[in-house]
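Letters A, B, ... are given to chains in the order of the sequence lines, protein chains preceding strands, and every chain is numbered from 1. Because the structure is a prediction, the values reported are computed rather than measured.
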Amino acid sequence: MAATLTCACFYNSNVAGMVSRKQLETMKTSRKSGLVKNRKFCKSASLTRNRSNDEKGLVEPRAVSPTETLCNFVDSGCMGDALYLFEKMNHFDSYLWNVMIRGLTNNGFFTEAIQFYGRMEYEGVRADNFTYPLVIKACTGLLSLTEGQKVHGKLVKIGLDLDVYVCNSLTVMYAKVQCIEFAERMFCEMTVRDLVSWNSMINGFVSVRDGWSSLVCFWEMQAQGMKPDRFSMISALGACSLERCLQSGKEIHCHVLRCGFQVDIMVQTSLMDMYSKCNRMDYAERLFDRMFPKNVVAWNAMIGGYALNAHPLHSFACLKKMQDADNFSPDVITLINVLPSCAQLQALLEGRSIHGYAIRKGLLPHSILETSLIDMYGECGALNLSERVFGLINGKNLVCWNAMLAAYVQNGWNSEALCLFRVIWYQPFTPDAFTFSSILPTCSELASLREGKQIHSFVLKSELGINTFILNSIICMYAKCGELGTAREVFDRMLYKDVISWNTIIMAYAIHGFGRIAVQLFSEMKEKGFKPNESTFVSMLSSCSISGMVNEGWEYYNSMKRDYNIDPGIEHYGCMIDLLGRTSNLELAKRFIEEMPFLPTARIWGSLLTASRNTGNIELAELAAKHILSLEHDNTGCYVLLSNMYAEAGKWQDVERIKCLMIKKGLQRTKGCSLVEFNSKTCRFINEDRSHAETNMIYDVLDIITRKIGEDIYLHSVTKFRPLDLGKRRANSPQKHSVRLAISFGLISTTIGSPVLVRKNTRICNDCHRAAKKVSEITRREIIVGDSKVFHHFRDGHCSCGDYW
DNA sequence: TGGATTGTAC
């Protein structure tokens, strides 16, 4: 038969638009290896079945027509056999061609289906109203707008573009290739709309992730007297899931019950999915428990739901139960759904086991699974594994690139992220909102305002120029790069602000120490009808803490529950401890920690440590440090801060002890560096740096500044420090700290009178903070230093942080 | 003669 098949195909290889021998072989191999989507199990065809009965002499052999046999082959997915038979038959009737195109399309051979249609036309068989919906379905499967439009053009020419089946197929095709405007036009211009037309449009909006339009369409359909069916319900529930709209979801659930669709397993799984996306796992569980029998989709929905709702252990338990109780093997979707749980638990071992399972079961390559693996490895800090998976992906799509980019950014691999972003830039697809939102924080981390501005200008020129999600990231980027004014400008010009926009701009003013403006913005936000959320109060409490507005801070803290029914979370407690630290009421701060309804985190103890340092309370600092190190044994910052406190108190033995501990644990102080932008380039300085081209001039300026302020530093320090000890013990002189070199360079490289902006990767030290205040006074220049925590605006000898940071 | 379009989990 193989020989005949080859001959048949070879014979046809001279015909334009036919299925070639090679393609046919691919079909057979694909079927074998399970590569083809929607593959049906290849049951024994009726020819064989009849022969067998005949041989046994049990049943009178029934004559089966070739047409019937062809249909049987197609229905069983045996496309090779179907094609062989087709070539043997007289195929002047469009019916047989339609059967073949249907078979090819339904078995995932979209290109071949379109080619078959081409051959049909070439051989002079007229494609009819049954052919076109199938051909359009093949174009949809290929996600090919070009092929789809070619067919559409032909339909207009032959006048079949009014057929309701054809129009429905075109609506679906346009929506699936993300051309929703074309889909809408198709739908609106239809003279007759049936239930499938409405369903296609409802689901079309879901395809482009526009849940609200889908729901509007769903209600409109009913207003026009069309009764929704299970397809309508499933799509509308998908829309609720997209918009996380529990209210509409519940309404549709009522509809489902009224219409008796609750027994439909697909409707049930759609309901479960909707409830889990709306964060109501309790409802999803109730439906799931009542479902019998359960299928893999239902199990997957639950596993994914638990992961989405941050219940990773439940997700694992559900996976185990699915295998034990129902004897289902995990499929690709199961793995995709459970991987975020591994990430949440930082369970690298489990993540790797899942990866191994996917390889063993032949589930890879699969672009979505590979993307999920990149995410998981990235969140577990195993970037080398993320890179390995990424490197092996064939035909990387934008989502894969975004996942790798996010993995770099999450792990602080900022330079790598920026390099990858530049590669994405030259790919044949356009970066999307996720790409920009991932890369923008990197610009602020690297103090690369130039890069950030370039991205901003690209966004403005593109259709993303009004995208709230990206503009929020841009506001944050400008604020963290020190350009608070530009951040405000972007905020003011935004067409669609959301609560995150307000939280971001309030936080921007907070980190720059402009608490009063943050308060004004908070009132404005409420006046404009935005409801403050948990994050708003993190911004407000941070703002009060940084700007030293203690009473206001208490007022906001108390109003959270009283006026907005928001329970303070651990973040809010952290801000309050910072605030209490300002009042030097350390006992109260300590009691606050003891009485809060959460287990204190290292961040909480860190706030107490900072407060202890500012009041010189070594005993309390030691207690806080002990707690921090029990939670994060490698917290370098904690060691450094404690060591500095010992040094300031002249406890040199303790300084040595901390130093030894750090060596023993293999920890190193973060190397401090300061950055200044000059001529769109970032100049980097380390302590005692002499690498800059203008180094002589920088040191000349530094000498003048040091002479002018030098005595003041030690006059101030004399009671606290012991200059003799300092001279002996401090290896690097604070006078040559990176931040001062950067300030000196900033002073000579910028226009007289303009502010000098310096970014620093670690907290500014007390000496440099005092020096910067003096420099701002004697040079009459504003000096802005953004350190790892806040922005210090030094003006006329004062700092915006009120000397507490 | 017959046949076609819409659907759950990523």
Side-chain angles (χ1 to χ4, degrees), chain A residues 65 67-68 70-71 74-75 93-103 105-106 127-138 140 160 163-173 175-176 183 186-187 190 193-207 217 221 228-239 241 256 261 264-274 276-277 284 287-288 291 294-308 318 322 330-340 363 366-373 375 399 403:
Chain A
S65 73
T67 306
E68 199 182 331
L70 184 79
C71 288
V74 162
D75 290 339
D93 183 357
S94 69
Y95 176 76
L96 290 181
W97 289 88
N98 292 347
V99 169
M100 284 305 290
I101 296 172
R102 173 168 64 87
T105 305
N106 289 345
D128 57 19
N129 54 324
F130 292 100
T131 319
Y132 284 103
L134 291 164
V135 178
I136 298 163
K137 195 177 176 182
T140 311
L160 261 179
D163 181 278
V164 71
Y165 281 86
V166 166
C167 290
N168 291 345
S169 310
L170 282 169
T171 307
V172 173
M173 185 273 294
K176 287 272 162 58
M186 276 308 306
F187 178 77
M190 281 172 80
R193 286 185 207 113
D194 64 5
L195 183 57
V196 179
S197 319
W198 284 96
N199 289 348
S200 303
M201 204 56 238
I202 294 167
N203 195 53
F205 284 120
V206 174
S207 303
C217 197
M221 158 194 192
D229 67 354
R230 52 194 291 275
F231 287 91
S232 333
M233 303 285 182
I234 291 166
S235 300
L237 286 168
S241 303
V256 165
F261 292 131
D264 186 307
I265 195 154
M266 277 193 188
V267 174
Q268 284 175 335
T269 36
S270 300
L271 277 165
M272 280 165 47
D273 179 57
M274 179 275 294
S276 76
K277 296 266 168 62
L287 285 168
F288 183 66
M291 184 187 262
K294 298 171 176 41
N295 63 5
V296 184
V297 181
W299 281 102
N300 287 348
M302 289 307 284
I303 294 168
Y306 283 126
L308 183 79
C318 201
M322 163 182 154
D331 65 5
V332 177
I333 310 293
T334 320
L335 306 191
I336 293 168
N337 282 357
V338 81
L339 281 170
L363 299 174
H366 184 287
S367 73
I368 302 175
L369 179 56
E370 285 162 322
T371 308
S372 305
L373 284 166
D375 280 337
V399 185

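Both thresholds, 5.5 Å between centres and 30° between ring planes, are met by A:Phe231 relative to the base of B:dT6, so the two rings are stacked. Residue A:Tyr95 and nucleotide B:dG2 are classified as a stacked aromatic pair, their ring centres being separated by less than 5.5 Å at an interplanar angle below 30°. Both geometric conditions, a ring-centre gap below 5.5 Å and a plane tilt below 30°, are fulfilled for A:Tyr165 over the base of B:dA4.
Rounded to whole Å, the distance from CG on A:Asp128 to P on B:dT5 is 13 Å. One interatomic measurement links the two molecules: CE of A:Met190 to P of B:dT5, which rounds to 15 Å at whole-angstrom precision. Rounded to whole angstrom, the span from the CG atom of A:Asp194 across to the P atom of B:dA4 amounts to 15 Å. Rounded to whole Å, the distance from CG on A:Leu335 to C1' on B:dC10 is 11 Å. As rounded to whole Å, 15 Å separates atom P of B:dA4 from atom CD1 of A:Ile136. In this structure, OH of A:Tyr132 is placed 16 Å from C1' of B:dT5, rounded to the nearest angstrom. Across the protein-nucleic acid pair, A:Phe130 atom CZ and B:dT1 atom C1' stand 11 Å apart, rounded to whole Å. At whole-Å resolution of the value, CZ in A:Phe261 and C1' in B:dT6 are 14 Å apart.
When heavy atoms are screened at a 4.0 angstrom cut-off, A:Val297 is found touching base atoms of the nucleic acid. Nucleic acid contact for A:Leu134: sugar-phosphate only, since backbone atoms but no base atoms lie under 4.0 Å from a heavy atom of the residue. Note on A:Asp375: nothing from the nucleic acid sits closer than 4.0 angstrom, heavy atoms only. Counting non-hydrogen atoms under 4.0 angstrom, A:Ser372 reaches nothing in the nucleic acid. Within the nucleic acid shown, A:Asp264 has no heavy atom closer than 4.0 Å to any nucleic acid atom. Residue contacts shown for A:Thr67 include a base, since a base heavy atom lies under 4.0 Å away. Within the 4.0 angstrom heavy-atom criterion, no nucleotide atom of any strand lies near A:Asn295. A:Ser270 comes within contact range of the sugar-phosphate backbone alone, with a heavy-atom separation under 4.0 Å but no base atom that close.
Looking only at atom types and distance, the side chain of A:Asn168 has no donor-acceptor partner in the side chain of A:Thr171 under 3.5 Å away. In summary, the side chains of A:Thr334 and A:Asp331 do present a donor paired with an acceptor at a separation below 3.5 Å, with no hydrogens or angles considered.
Considering only heavy atoms from C-beta on, A:Asp229 comes within 4.5 Å of A:Ser232 through its side chain.
Here B:dT6 is the nucleotide among B:dA9, B:dT6, B:dA4 with the atom lying nearest to any side-chain atom of A:Ser200. Candidate nucleotides B:dC10, B:dA9, B:dT6 were compared by shortest atom distance to the side chain of A:Asp331, and B:dA9 ranks first. Picking from B:dT5, B:dC10, B:dT8 the nucleotide with the shortest atom distance to the side chain of A:Ile234 gives B:dT8. The side chain of A:Val196 lies closest to B:dT6 when the candidates are B:dA4, B:dT8, B:dT6.
Between A:Leu195 and A:Pro228, the shortest heavy-atom distance links the atoms CD1-CA, 4.4 Å.
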Handout entry: Derivation of the side-chain contact (heavy atoms from CB on, under 4.5 Å) call for A:His366 and A:Ile336
Key = CA-CA 10 Å; A:His366 184 287; A:Ile336 293 168; 3.9 Å; yes

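A:Lys277 has a side-chain polar atom (N or O) that falls below the 4.0 Å cut-off from OP1 or OP2 of B:dC10.
Contacts of A:Phe261 classified as ring-ring contact (aromatic ring centres under 6.0 Å, His included), with partners at least two apart in sequence or in another chain: none.
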